[in-house]
Amino acid sequence: GDRYGFESSTDSIIAPVFTSIAKFNRQVIELTDENSHRHYYLTDGRKIPDTDSTLQYETRNGLFKIYKNGKGFLYTADLELLVNYQGDDIFCIYDNRYYLKRNEKDFLAFKRDGKIGLINANGNVIITPTYQHIIGAGENRFIVMLDGKFGVIDQATNWIIEPIYTYIDAEINGHFRVYDNSKKGLTDLNGKMIVPVQYAEVYSSLSGIVTLNANGYGYYTFMGEQILQNEWSKVHQHLNNCFEFVSGLNHCVVNTTGLLTPKNCEKIYVGSSTIKYYLPNKIVLCHFENGLITDTSFFERNPSIIITTDH
């Protein structure tokens, strides 16, 4: 039957002795021999170390992962072994929400006897394999699973958050969202509870923290102060780091400093540095800077008066 090889980008010839050829990715060619074993070559003709299973490619770090005799190894784009370690498998650390460049650079997770720990770039053990799961969560913070429950530790394995939760994820604003089955709450980086674990959803942003339960939406500041009870039917975020809440005919605007308007506004217009809101007997125009109101003007409610804002 037909046999396949290829000419590399450096003009070297990979002999046509393979039964199939395919493109693994932009950098790698996959060839299969007559025993159905796969071989991998860079497009410049260099052979990637042989693997007992399908080659893996760590896109974020540009690393190749192979398995030999059941043990995992990571190789750089130059096909140099990344690190020697004593264990069974090795993994890059990242979180599914955002890059953790310090952890990705300095630490690798490794598995030994079914437990996961951390090593540094030299292969030295930083955290002894103890856990079922480990994810980097910012500077000197790691989300771990122990005995089926999630907590947060530092590099010295001190508990920042005790392992009592069914799941934890790291928020980009420097918080941990903690789960007790279907209930969610929020802590700060030091494990201090900001939002109690009692909500169906908890959303953290630069504008503050929105909560949701069966009764509607509510709002907390980053200091843990509940500004709005969960009684609002709609919420949307404005570009100037504030939220507008709506319930029936009532509107209000909040940011991390608290309420910027009364809760019974009939309508609200939010500009880049102004808020105009309508009350039953007056119109109010506020200017704000760095999230704080700097001056306020009041006008009697009169349809003939038109007040413009910069929105």
Show me, pair by pair, the donor-acceptor contacts under 3.5 angstrom made by side chains of residues 282-289, not counting sequence neighbours?
unit_1	atom_1	unit_2	atom_2	d
His287	ND1	Asp295	OD1	3.1

Review item, side-chain donor-acceptor pairs of residues 64-74, under 3.5 Å, at least two apart:
unit_1	atom_1	unit_2	atom_2	d
Lys65	NZ	Tyr67	OH	3.0
Lys65	NZ	Asp89	OD1	3.0
Lys65	NZ	Ile90	O	2.8
Tyr67	OH	Asp89	OD1	3.2
Tyr67	OH	Asp89	OD2	2.8
Lys68	NZ	Asp50	OD2	3.3
Lys71	NZ	Tyr85	O	2.9

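For Gly151 against Ile168, the heavy-atom pair with the smallest separation is CA-CD1, 3.6 Å. Looking at every heavy atom in both residues, Tyr4 comes nearest to Thr19 through CE1-O, 3.3 Å. Nearest approach of Ser12 to Gly45, heavy atoms of both residues: OG-CA, 4.0 Å. Annotation for Thr51 and Ser53: closest pair CG2-O, 2.9 Å, computed over non-hydrogen atoms. Summarising the geometry of Asp169 relative to Tyr179, their closest heavy-atom pair is OD2-OH, 3.1 Å, with the distance given to 0.1 Å. For Thr257 against Gly291, the heavy-atom pair with the smallest separation is OG1-O, 3.5 Å.
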For this session: Walk me through it: do Leu31 and Phe6 pass the test side chain to side chain contact (heavy atoms under 4.5 Å, CB included)?
Result: CA-CA 10 Å; Leu31 296 146; Phe6 70 96; 3.9 Å; yes

Problem set entry | Worked verdict on Ile134 versus Phe91 for side chain to side chain contact (heavy atoms under 4.5 Å, CB included) | CA-CA 10 Å; Ile134 187 165; Phe91 313 90; over 6 Å; no

For this session: Starting from the C-alpha separation in whole Å, work towards a yes-or-no answer on side chain to side chain contact (heavy atoms under 4.5 Å, CB included) for Cys252 and Thr261.
Result: CA-CA 6 Å; Cys252 71; Thr261 71; 3.6 Å; yes

For this session: Check the pair Tyr167 / Phe150 against ring pair (Phe, Tyr, Trp, His ring centres under 6.0 Å), numbers first and verdict last.
Result: CA-CA 5 Å; Tyr167 191 67; Phe150 284 84; 5.1 Å; yes

For this session: For side chain to side chain contact (heavy atoms under 4.5 Å, CB included), just list the numbers for Asn255 and Asn241, CA-CA rounded to whole Å, side-chain angles, deciding distance to a tenth of an Å, and then say yes or no.
Result: CA-CA 7 Å; Asn255 69 5; Asn241 291 331; 5.9 Å; no

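Scored by the side-chain hydrogen bond (donor to acceptor under 3.5 Å, both in side chains) test, Glu201 finds Lys184 as partners (sequence neighbours excluded). Remark: His39 engages Phe18, His37 in a ring pair (Phe, Tyr, Trp, His ring centres under 6.0 Å) (not counting sequence neighbours). For Ile160, the side-chain contact (heavy atoms from CB on, under 4.5 Å) partners two or more places apart in sequence, or in a different chain, are Arg141, Val152, Asp154. By the side-chain contact (heavy atoms from CB on, under 4.5 Å) test, Ala15 pairs with Val17, sequence neighbours left out. For Tyr40, the ring pair (Phe, Tyr, Trp, His ring centres under 6.0 Å) test picks out Phe24, with sequence neighbours left out. Applying the ring pair (Phe, Tyr, Trp, His ring centres under 6.0 Å) rule to Phe222 yields the partners His175; only residues at least two apart in sequence or on another chain are considered. In this structure, Glu225 has no salt bridge (charged side-chain N to carboxylate O under 4.0 Å, His left out) partners at least two apart in sequence or on a different chain. Annotation: salt bridge (charged side-chain N to carboxylate O under 4.0 Å, His left out) contacts of Asp44 (sequence neighbours excluded): Arg46. Scanning for salt bridge (charged side-chain N to carboxylate O under 4.0 Å, His left out) contacts around Arg112 gives an empty result, with sequence neighbours left out.
Considering CD1 of Ile119 and CD1 of Ile126, their distance stands at 9.0 Å, rounded to 0.5 Å. Atom CD1 in Ile93 sits 6.5 Å away from atom CG in Leu108 (nearest 0.5 Å).
Remark: the backbone N or O of Leu279 is not paired with any side-chain donor or acceptor of Asn264 at under 3.5 angstrom. One N or O on the side chain of Asn213 and one on the backbone of Asn215 form a donor-acceptor pair closer than 3.5 Å. Put simply, the side chain of Asp88 gets close to the backbone of Asp113: a donor and an acceptor are under 3.5 Å apart. At distances below 3.5 Å, not a single donor-acceptor pair connects side-chain atoms of Asp180 with backbone N or O atoms of Lys183. With hydrogens and angles disregarded, no donor-acceptor distance shorter than 3.5 Å links the side chain of Tyr277 to the backbone of Val270. With hydrogens and angles ignored, the 3.5 Å screen pairs no side-chain donor or acceptor of Arg38 with any backbone N or O of Glu30.
Under a hydrophobic-cluster definition in which Ile, Leu, Val, Met, Phe, Trp and Tyr are linked whenever side-chain heavy atoms come within less than 4.5 Å, directly or via other members, Leu189 and Met193 are assigned to the same cluster. Tyr199 and Tyr217 fall into different hydrophobic clusters, defined by Ile, Leu, Val, Met, Phe, Trp and Tyr side-chain heavy atoms under 4.5 Å apart, directly or through other members. Residues Phe298 and Ile268 share a hydrophobic cluster, clusters being chains of Ile/Leu/Val/Met/Phe/Trp/Tyr side chains in contact below 4.5 Å. Leu212 and Leu228 fall within the same hydrophobic cluster, defined by Ile, Leu, Val, Met, Phe, Trp and Tyr side-chain heavy atoms under 4.5 Å apart, directly or through other members. Follow the hydrophobic side-chain contacts under 4.5 Å out from Leu82 and you never reach Tyr57; the two are in separate clusters.
Between Phe107 and Phe142, the distance from one ring center to the other falls under 6.0 angstrom.
In summary, the side chains of Thr211 and Asn230 do present a donor paired with an acceptor at a separation below 3.5 Å, with no hydrogens or angles considered. Using modelled atom types, one finds no donor on one side chain facing an acceptor on the other under 3.5 Å when comparing Ser204 with Glu171.
For residues 118-135, the set of pairs meeting the side chain to side chain donor-acceptor pair (under 3.5 Å) definition, not counting sequence neighbours, is empty.
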